[in-house]
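Working notes for the structure below.
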Number of protein chains: 4
Amino acid sequence: MAKTRKSIKEQAHAHRGQIPKGARKEEIIRAAAKLFSQKSYHDVTMDDIAEKVGVAKGTIYLYFDSKENLYLEIMEETYEEIESILERETAKSDPAPLKLKKVLGLIFKFYLQNLDVLRILSRDETHLIREHYEFTEHWRLRRIKLYEKILEKGINEGSFRPFKTELTALIIFGLVRSVMFYYKSEKSAESIAEEVFSMISEGILAPGYEKAEAARM
Amino acid sequence: MAKTRKSIKEQAHAHRGQIPKGARKEEIIRAAAKLFSQKSYHDVTMDDIAEKVGVAKGTIYLYFDSKENLYLEIMEETYEEIESILERETAKSDPAPLKLKKVLGLIFKFYLQNLDVLRILSRDETHLIREHYEFTEHWRLRRIKLYEKILEKGINEGSFRPFKTELTALIIFGLVRSVMFYYKSEKSAESIAEEVFSMISEGILAPGYEKAEAARM
Amino acid sequence: MAKTRKSIKEQAHAHRGQIPKGARKEEIIRAAAKLFSQKSYHDVTMDDIAEKVGVAKGTIYLYFDSKENLYLEIMEETYEEIESILERETAKSDPAPLKLKKVLGLIFKFYLQNLDVLRILSRDETHLIREHYEFTEHWRLRRIKLYEKILEKGINEGSFRPFKTELTALIIFGLVRSVMFYYKSEKSAESIAEEVFSMISEGILAPGYEKAEAARM
Amino acid sequence: MAKTRKSIKEQAHAHRGQIPKGARKEEIIRAAAKLFSQKSYHDVTMDDIAEKVGVAKGTIYLYFDSKENLYLEIMEETYEEIESILERETAKSDPAPLKLKKVLGLIFKFYLQNLDVLRILSRDETHLIREHYEFTEHWRLRRIKLYEKILEKGINEGSFRPFKTELTALIIFGLVRSVMFYYKSEKSAESIAEEVFSMISEGILAPGYEKAEAARM
DNA sequence: TATGAATGAGTATTCATTCAT
DNA sequence: TATGAATGAATACTCATTCAT
């Protein structure tokens, strides 16, 4: 799917000979990201964005083909950045548990540095933009794949119990999103990652309780 | 908050003397829920709903004061039902782990029976309806509170390790939503609950790895 | 025009064999009149009226063909009553000044007794009801005609100066409406009529000033 | 439509440079005023106005926040203009009768020049726009105050009889409105003012009749 | 590149009127 | 007579997008 999908960036202005300079475009992206993080897609108007950037509405259309594309381009840019960070990390040959902990740390760090956009991503506005269910879906699956790989590696290494990686990846995906979005804390990304990793790795049961009591249930 | 907030249901038609027959209202709710589960709030028009139910648009307004209220009433009805189911369960004197497993089972069961509406709830359309951030927030906090209580009970009983219940409740909340929404499986609610509970309770680390290896990280 | 116009009352239910009893109809008229006096034609809904009378909305349509007819019937009933009172008075052989004063007294008396409906008449909602400009126009002209007759009589008698009766009738019509609608006073209808008549008959100029000074202007 | 057929107006503007800033707004005001003078507030739709101006509906909203605001802006503009004309006149040190006559002349002159808008003002659509009773009320009171001042001045000068200025101002207010609205005549504003002033100042009674006969009543 | 006036399809909501019971 | 659920045409307002300058 990642191969057939044409990236929003590539699509935009595919018909134009000129590629506009990036400065103004970045300005627009930043302003729009800020607004989209505060209000929903439909509640942010092109007027809002134009006013925030301090340009005329028409100017936005010199850089983006549509509101939808602007929105998706913001998301794509962010997805690409975090995903490439994560993939660079997972390319290393660390043992799976360490790898997972590092990944969590990078996610939370990226989150703290990009609160605005992440707030958008955390929302599930998939359906907001009619034709683009596949877009969010694509990135979700990619992330889940990444978790699955780490989990499989761990199982092979013997550091993880043999469980169904599909479900577990889904679990990690969901809990990370929840923590990112709702956990109010002054802690550093690393220490949040540490806490979360501890729960994921050891579970909630008290040691010893596991075998003896759980059996009775 | 739950006490001062006037429920959408109570508000609706507070001015009418007569309560219209429930059948037509249920029809509308069902059709609307179906549509809201497929498209976003803004992409579902009152015309869509009317057409789906097979009535004139005005008819909907005999039963609901506004589109927003229709939407919220669907959500409230569902929230109330599942929450009351869960609270009835947690009132029992089961040990915490069993309690948690049962709760998970009930959630997944309810989910399988109410796919449409749950798909709406799973989305975070909080911002879509400007004034109603508090609405979703209210129910999210209530669910998290429920998890926290079970976790505290378990810690006191000694069945759960002593961790921060706030973060852990958030983690469970997020992973459950993710599984509910994305896990495609033919399994029964109970067996999904079993699997999820197993991950939550034991974690992903292989037994024995925990102490020896984790220390090296 | 007065001859060709078919009265609203006559039109209503001309096609029915049964004439419903007047009681329920009167109830509706009273309630509607009250509401129309408080809000404008368009701001009063058939629901409002039905609720106020305490019947179902459909019931109103058993007595009136349309909202418009209900409105016009209220006005017609009132117009007819006051106009017949005035015409009975003008049929008497009083001298013109006394006749005028009596007419003013009757108008203000009727007004004080029918505040609600008069408030509607005082408003000029002529244009509110598309096709019925002629309706208000008809009654306005009838009233003006009545004033003109009195004025002509006075001029013939020598009690009034010879002026253009058309303009003067218009003047009296306008000032009476203004006093009716805006004069807040605890006085009796007769004493208001007395005051108004005094202004109409003597004017505002101080005696003596008239000839000497007015000439200089 | 605008694409295939070029209207006369568009052609006219084509060779000019820009349409002046306030021009479009004035166009809308003029068209709307015309329509509001023919039909009531509720019977004039934004579509009507847009069609009359020859622009899209949205264009109106570039210049006015709402239909209500458009309506009120028309009224306010007119009120302000005539009222400032009148107040400039009354600031002069003419004797009261002359002042009154001049004021009447200015009103009728303004009326003849602004038939459309004045027809709106003459109507009492106070209640049509719920929140804006106070608006019309404000301007009515201001006009009445103006009359009262002139009347008081006249009484002090000795040119007017000592009467109640409140009632008399109300009388003048009403009769002027009536003449403005209903008097069909080819006469000039000055000559209408002259006639009306004559009635106001001298009254209708024949000289000499006043004392002798009126007493008998 | 940039502008911003203009567009017009799209939508929630209202309410007089009807009609089966 | 009476009901009241159902109707659907009507309407103010929005906002992404276009285009002449």
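Note: hydrogens, waters and symmetry copies are ignored here, and every other heavy atom, side chains too, is used.
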**OP:** Note every stem involving DNA chain F: at least three consecutive Watson-Crick or G-U wobble pairs, i with j then i+1 with j-1, with both distances under 3.5 Å.
**Re:** E:2-21 with F:2-21
**OP:** Indicate yes or no: at least one non-hydrogen side-chain atom of C:E26 is less than 4.5 angstrom from one of C:Y63.
**Re:** no
**OP:** Using the test side-chain contact (heavy atoms from CB on, under 4.5 Å), find all partners of D:F64 that sit at least two apart in sequence or belong to another chain.
**Re:** D:K25, D:I28, D:I29, D:I60, D:L70, D:E73
**OP:** Calculate the interatomic distance between D:I28 atom CD1 and E:dA5 atom C1'; express it in whole Å.
**Re:** 11 Å
Subject >> A:E51 CD - F:dA16 P separation (whole Å) >> reply: 14 Å
Subject >> Interatomic distance where CG belongs to A:D43 and P belongs to F:dT14 [whole Å] >> reply: 13 Å
Dump every N/O contact between nucleotides 17-21 of chain E and the protein below 3.5 Å, one line per pair.
from, atom 1, to, atom 2, distance (Å)
E:dT17, OP2, C:Y61, OH, 2.9
E:dT17, OP2, C:K67, N, 2.9
E:dT17, O4, C:K57, NZ, 2.9

Original post:
Which whole-number value in Å describes the distance from A:I60 CD1 to E:dG4 C1'?
Top reply: 12 Å
**OP:** Not counting sequence neighbours, which residues clear side chain to side chain donor-acceptor pair (under 3.5 Å) with D:E77? List them please.
**Re:** none
Original post:
What's the closest nucleotide to the D:L62 side chain, out of E:dA5, F:dA16, E:dT11?
Top reply: E:dA5
Original post:
Taking the six-membered ring for Trp, are C:F36 and C:Y41 parallel (under 30°), tilted (30 to 60°) or perpendicular (over 60°)?
Top reply: parallel
Original post:
Which of the following nucleotides, E:dA5, F:dA6, E:dA12, is nearest to the side chain of B:T59?
Top reply: F:dA6
Subject >> For B:E27, all residues meeting side chain to side chain donor-acceptor pair (under 3.5 Å), sequence neighbours excluded >> reply: B:R24
Original post:
Once you round it to whole Å, what is the distance between C1' of E:dA2 and CZ of A:F64?
Top reply: 16 Å
**OP:** Would you indicate what B:V53 reaches in the nucleic acid, counting non-hydrogen atoms under 4.0 angstrom: base, sugar-phosphate, or nothing?
**Re:** nothing
Subject >> Residue-phosphate contact under 4.0 Å: A:R24 side-chain N/O, E:dT1 OP1/OP2 >> reply: no
Original post:
Once you round it to whole Å, what is the distance between C1' of F:dA16 and NE2 of B:H42?
Top reply: 14 Å
Subject >> Comparing C:V44 and D:A56 on DNA chain E - which has the more 5′ nearest nucleotide >> reply: D:A56
Subject >> Spacing of B:E26 atom CD relative to F:dA5 atom C1', expressed in whole Å >> reply: 18 Å
Subject >> Qualifying residues under salt bridge (Lys or Arg N to Asp or Glu O under 4.0 Å), relative to A:K34, sequence neighbours excluded >> reply: A:D116
**OP:** Sorted by first residue and then second, give each side-chain hydrogen bond (donor to acceptor under 3.5 Å, both in side chains) pair with at least one member in residues 44-56 of chain B; sequence neighbours left out.
**Re:** B:K39-B:D48, B:T45-B:D48, B:D47-B:K57
**OP:** Take D:M75 and D:Y71 through the side-chain contact (heavy atoms from CB on, under 4.5 Å) test and state the conclusion after the steps.
**Re:** CA-CA 6 Å; D:M75 295 182 70; D:Y71 183 84; 3.1 Å; yes
**OP:** Could you grab the distance from atom CG of B:L72 to atom OG of B:S66, nearest 0.5 Å is fine?
**Re:** 7.5 Å
Subject >> For atom CG of A:N69 and atom P of F:dA16, their distance in whole Å >> reply: 14 Å
Original post:
Does B:Y63 put a side-chain nitrogen or oxygen below 4.0 Å from OP1 or OP2 of F:dA5?
Top reply: no
